[in-house]
Undergrad: 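Below you will find the structure I want to go over with you.
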Amino acid sequence: QVQLVESGGGWVQAGGSLRLSCAASGRTFSTYDMGWFGQAPGKEREFVAAMSWGVGTTYYADSVYGRFIISRDNVRNTVYLQMNSLKPEDTAVYYCAADSVPGSRLRYFKSWGPGTQVTVSS
């Protein structure tokens, strides 16, 4: 099972940007689908973005499409989430995920990081 550690969270004003990073252990990072999920206070964890291994097809939640960008560096075993034009409703704990469950369309994953807090003030 791959180990994941997120970083880059923090406080930002609405309209600002943050870049989250997720460092993964293991030698097979390039073969994992990767994803980002967010959990707002009092709500369930929700899909934000994902990227497939190989071709690197990307998927986004409607709420972040055009504002967030997922990318990966297979040499550094790291996946990123560039968050632009942030809104107060983006406030959440953001979790990195690896190794999607087959057939889940990159919505269910086997490994999770501990999360990093993002707070957007109005």
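Residues take their numbers from the sequence shown, with the count starting at 1.
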Undergrad: Same cluster for V93 and F109 if Ile/Leu/Val/Met/Phe/Trp/Tyr side chains link at under 4.5 Å?
TA: yes

Undergrad: Apply the hydrophobic cluster definition, ILVMFWY joined by side-chain contacts under 4.5 Å directly or through others, and give me every member besides M83.
TA: V2, L4, V12, L18, L20, F29, Y32, M34, W36, V48, M51, Y60, V64, Y65, F68, I69, I70, V79, L81, L86, Y94, V118, V120

Undergrad: Give a yes or no on this: more than 12 heavy atoms of other residues, nucleotides or ligands lie within 6.0 Å of atom CZ of R107.
TA: yes

Undergrad: Return each pair, listed once, that meets salt bridge (charged side-chain N to carboxylate O under 4.0 Å, His left out) where at least one residue sits in residues 57-77; pairs must be two or more places apart or across chains.
TA: R67-D90, D73-R76

Undergrad: Which distance, rounded to the nearest 0.5 Å, do you find between the OG of S100 and the NZ of K110?
TA: 7.5 Å

Undergrad: Mind checking what makes side chain to side chain donor-acceptor pair (under 3.5 Å) contact with T31, not counting sequence neighbours?
TA: none

Undergrad: Can you list every disulfide (SG to SG under 2.5 Å) pair that touches residues 15-99, not counting sequence neighbours?
TA: C22-C96

Undergrad: Quick one: closest heavy-atom pair of E6 and P114, and the distance?
TA: OE1-CD, 3.0 Å

Undergrad: With sequence neighbours excluded, give me every salt bridge (charged side-chain N to carboxylate O under 4.0 Å, His left out) pair touching residues 40-56.
TA: none

Undergrad: For S121 and P88, work out which heavy atoms get closest and say how close.
TA: C-CG, 4.4 Å

Undergrad: Does anything in residues 13-26 form a side chain to side chain donor-acceptor pair (under 3.5 Å)? List the pairs, not counting sequence neighbours.
TA: S17-N84

Undergrad: Please report the interatomic distance OH(Y59) to CG(D33), rounded to the nearest 0.5 Å.
TA: 8.0 Å

Undergrad: Please check if atom CH2 in W112 has more than 12 non-hydrogen atoms from other residues, nucleotides or ligands closer than 6.0 Å.
TA: yes

Undergrad: So, for Y95 and F37, is the gap between ring centers shorter than 6.0 Å?
TA: no

Undergrad: Does a side-chain heavy-atom distance below 4.5 Å link T91 with E89?
TA: no

